[in-house]
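We number each residue from 1, following the sequence as shown.
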Amino acid sequence: MRIKRATVAAVFISGVMVALWVLFGSDWLDDRRTDQSFADNCKDVASSGDVKYFISGKGTRANDTLYRAGPAGPHSEVLVSCRISRPEGPGAVDIRASRGNADQQVLRATGHDSLYLRVNTSAPMGNGWPGVVTVTGTTSAHGTLVLTCGDDRGHLTVDVMAHVSNADFLRQEESRIALARTSARVAQAAAERWGCEAPSGSPLPEAVPQTPAHADQRSVSEAGGTCRALAEAASVALDAGVTQVRETTSDATAPIEECYLLDRDGEKAFRLSALYGSFAKTYTISGFRRPSADASGRSEDGSLHWRRATCPSPVGPALYLLSEVVNDDYESQEAAPAVRQELVDAFAAEAVERRGCTLATG
């Protein structure tokens with residue numbers, strides 16, 4: 001009788017242990033596998049907690065097989081490139097970090113090699129973070145930061161790309177803030193790992209404005225953000241057929257600032273872009289229309305006008321651009337070359353004064 005009772009008790013205990021393993025043990029093992037995949041493939045610059053706003057749940061893994069894992073170019077070194085996804089369920093997050101002076105892959109992925117497009121514009125992260133959020137499509141967006149490494153290794157570029165299934169998801173400010181905060185945390189970890197500098201004591205981004213591509217339009221005279229220079233150059237804008245703008249908040253720490261100039265029908269006609277540091281260097285060597293080293297000028301086809309400047313260390317070069325924006329028929333707004341140059345000159349003059357930069361001459 002005692003043996004039977006002992007046997008029954010053993011079976012009961014075994015059953016309880018199996019039940020507990022089914023309930024909790026498999027989750028523990030899955031969490032361990034998730035953590036190990038992040039350590040192996042994302043080099044511990046991100047954790048499952050960092051990306052849970054965009055992707056979470058059982059089976060979440062990081063792997064190093066990524067379509068964006070192409071070379072950064074001759075001027076930069078890829079440090080980490082991983083994708084976080086689940087075997088079932090939508091969504092993914094791509095993380096890339098590179099060190100050097102020009103990551104051509106990030107420029108292309110964020111769409112800033114093709115400034116003639118009506119999409120792919122950026123808004124600042126704010127709170128002292130040298131980064132931007134770029135909505136690149138209806139279901140994807142990037143959080144990109146450029147940090148200094150304090151030596152001849154160039155800058156540390158960190159790019160976090162979120163893929164979602166809901167087309168309206170990334171137009172919500174909550175989603176942009178979540179992407180900015182995720183990207184900032186990854187940048188902090190990457191800076192610590194590779195001996196670079198991240199903002200110290202700065203709170204994570206708390207507000208990320210709408211990008212110019214999706215911002216409300218306003219008259220030129222009301223411009224007060226990234227297009228504020230046009231408020232003082234309204235007559236020049238009118239000569240170019242521009243009466244309204246789409247802009248975002250200006251930010252002296254953002255590596256990219258831009259806005260759209262609209263024609264009388266409210267269509268995007270031109271795009272003003274300010275690229276700083278590594279973005280200025282990268283566009284010069286791999287932009288769709290590549291500016292020469294001249295202080296100012298225009299492309300051979302006249303679709304791109306530019307002005308160069310130098311900013312205090314560690315930013316370095318700045319490149320101010322006015323690009324035609326094409327419509328569905330690849331047609332663009334007519335405007336005299338001199339008028340276009342006046343517009344980019346006004347844009348550059350306002351920016352260098354605000355940032356303490358110096359316009360190039362000669």
Side-chain angles (χ1 to χ4, degrees), residues 73-75 102-122 134 136-137 212-213 220 226-227 229-230 233 235-247 256-276 278-309 317-351 359-362:
H75 305 279
D103 190 332
Q104 299 174 38
Q105 191 74 5
V106 170
L107 187 81
R108 296 189 190 103
T110 59
H112 285 97
D113 62 329
S114 304
L115 300 178
Y116 59 88
L117 298 174
R118 292 178 290 174
V119 293
N120 305 339
T121 52
S122 303
T134 307
T136 49
V220 168
T226 47
C227 256
L230 269 67
S235 61
V236 179
L238 192 59
D239 288 341
V242 171
T243 60
Q244 299 174 89
V245 300
R246 290 183 186 269
E247 61 178 354
I256 299 172
E257 292 187 291
E258 51 194 348
C259 68
Y260 280 114
L261 314 186
L262 313 182
D263 63 20
R264 291 178 175 84
D265 297 324
E267 297 295 323
K268 297 166 184 171
F270 300 102
R271 177 172 172 170
L272 286 168
S273 301
L275 308 179
Y276 294 93
S278 59
F279 273 105
K281 295 175 184 177
T282 310
Y283 189 87
T284 297
I285 62 177
S286 61
F288 182 74
R289 294 280 187 267
R290 302 176 188 178
S292 70
D294 294 340
S296 63
R298 59 174 175 156
S299 58
E300 288 187 10
D301 64 357
S303 65
L304 181 77
H305 286 66
W306 72 85
R307 190 73 190 267
R308 292 186 179 276
L319 184 59
Y320 303 97
L321 303 158
L322 180 136
S323 177
E324 291 180 350
V325 176
V326 297
N327 60 22
D328 292 337
D329 297 320
Y330 282 85
E331 298 171 335
S332 57
Q333 175 88 352
E334 294 290 336
V339 172
R340 299 182 186 212
Q341 191 63 49
E342 281 189 73
L343 287 173
V344 74
D345 285 349
F347 180 61
E350 187 279 327
L359 285 173
T361 58

Peer 1: For Phe347, give me all partners under ring pair (Phe, Tyr, Trp, His ring centres under 6.0 Å), at least two apart in sequence or on another chain.
Peer 2: none
Peer 1: Taking salt bridge (Lys or Arg N to Asp or Glu O under 4.0 Å) as the definition, give me every residue that meets it alongside Arg118, ordered by chain and number, with sequence neighbours left out.
Peer 2: Asp328
Peer 1: Taking only residues two or more places apart in sequence, or in another chain, which ones meet Glu350 in a salt bridge (Lys or Arg N to Asp or Glu O under 4.0 Å)?
Peer 2: Arg228, Arg354
Peer 1: Taking only residues two or more places apart in sequence, or in another chain, which ones meet Val119 in a side-chain contact (heavy atoms from CB on, under 4.5 Å)?
Peer 2: Leu117
Peer 1: Test your reading of the model: is there a side-chain donor-acceptor pair from Arg340 to the backbone of Ala335, 3.5 Å cut-off?
Peer 2: yes
Peer 1: Per the salt bridge (charged side-chain N to carboxylate O under 4.0 Å, His left out) rule, what does the pair list look like for residues 296-308, sequence neighbours excluded?
Peer 2: Arg289-Asp301, Arg307-Asp345
Peer 1: Check Ser273 against Glu258 and note the closest heavy-atom contact, atom names and distance.
Peer 2: OG-OE1, 3.1 Å
Peer 1: Of all residues at least two apart in sequence or in a different chain, which pass the side-chain contact (heavy atoms from CB on, under 4.5 Å) check with Arg264?
Peer 2: Leu238, Thr243
Peer 1: Can you give me the closest heavy-atom contact between Leu230 and Ala237, atom names plus distance?
Peer 2: CD2-CB, 4.2 Å
Peer 1: Would you say the side chain of Tyr276 lies within less than 4.5 Å of the side chain of Tyr320, judging by non-hydrogen atoms?
Peer 2: yes
Peer 1: Holding to side-chain contact (heavy atoms from CB on, under 4.5 Å), I want the full list of residues that pass it with Ala269, two or more places apart in sequence or in another chain.
Peer 2: Asp263, Gln333
Peer 1: Residues two or more places apart in sequence or in another chain: which of them pass side-chain contact (heavy atoms from CB on, under 4.5 Å) with Thr282?
Peer 2: Ala102, Gln104, Leu107, Ser286
Peer 1: Tell me whether Thr121 contacts the main-chain N or O of Ala213 through its side chain, where contact means a donor paired with an acceptor under 3.5 Å.
Peer 2: yes
Peer 1: Any idea which heavy atoms bring Asn120 and Gly111 closest together, and the distance?
Peer 2: ND2-CA, 3.6 Å
Peer 1: In chain order, what residues pass the side-chain hydrogen bond (donor to acceptor under 3.5 Å, both in side chains) check against Lys268, with sequence neighbours excluded?
Peer 2: none
Peer 1: Identify the heavy atoms of Leu275 and Ala280 that sit nearest to each other, and give their distance.
Peer 2: O-CB, 3.4 Å
Peer 1: Tell me whether Ser299 contacts the main-chain N or O of Leu304 through its side chain, where contact means a donor paired with an acceptor under 3.5 Å.
Peer 2: yes
Peer 1: Who pairs with Tyr283 by side-chain hydrogen bond (donor to acceptor under 3.5 Å, both in side chains), at least two apart in sequence or on another chain?
Peer 2: none
Peer 1: Flag the pair Val220 / Val242 as yes when at least one side-chain heavy-atom distance between them is below 4.5 Å, and no otherwise.
Peer 2: yes
Peer 1: Between Cys227 and Leu261, what is the shortest heavy-atom contact and its length?
Peer 2: SG-CD2, 3.6 Å
Peer 1: How close do Ala346 and Ala233 get, heavy atom to heavy atom, and via which atoms?
Peer 2: CB-CB, 4.2 Å
Peer 1: Counting only N and O atoms by type, is there a donor-acceptor contact under 3.5 Å from the side chain of Trp306 to the main-chain atoms of Arg290?
Peer 2: no
Peer 1: Could you pull out all residues at least two apart from Ser296 that satisfy side-chain hydrogen bond (donor to acceptor under 3.5 Å, both in side chains)?
Peer 2: none
Peer 1: Using modelled atom types and a 3.5 Å cut-off, is there a donor and acceptor pairing between side-chain atoms of Gln341 and backbone atoms of His305?
Peer 2: no
Peer 1: Suppose we screen for side-chain hydrogen bond (donor to acceptor under 3.5 Å, both in side chains). Which residues come up paired with Glu247, at least two apart in sequence or across chains?
Peer 2: Arg218
Peer 1: Judged by modelled atom types alone, do His112 and Thr134 share a side-chain donor-acceptor pair under 3.5 Å?
Peer 2: no
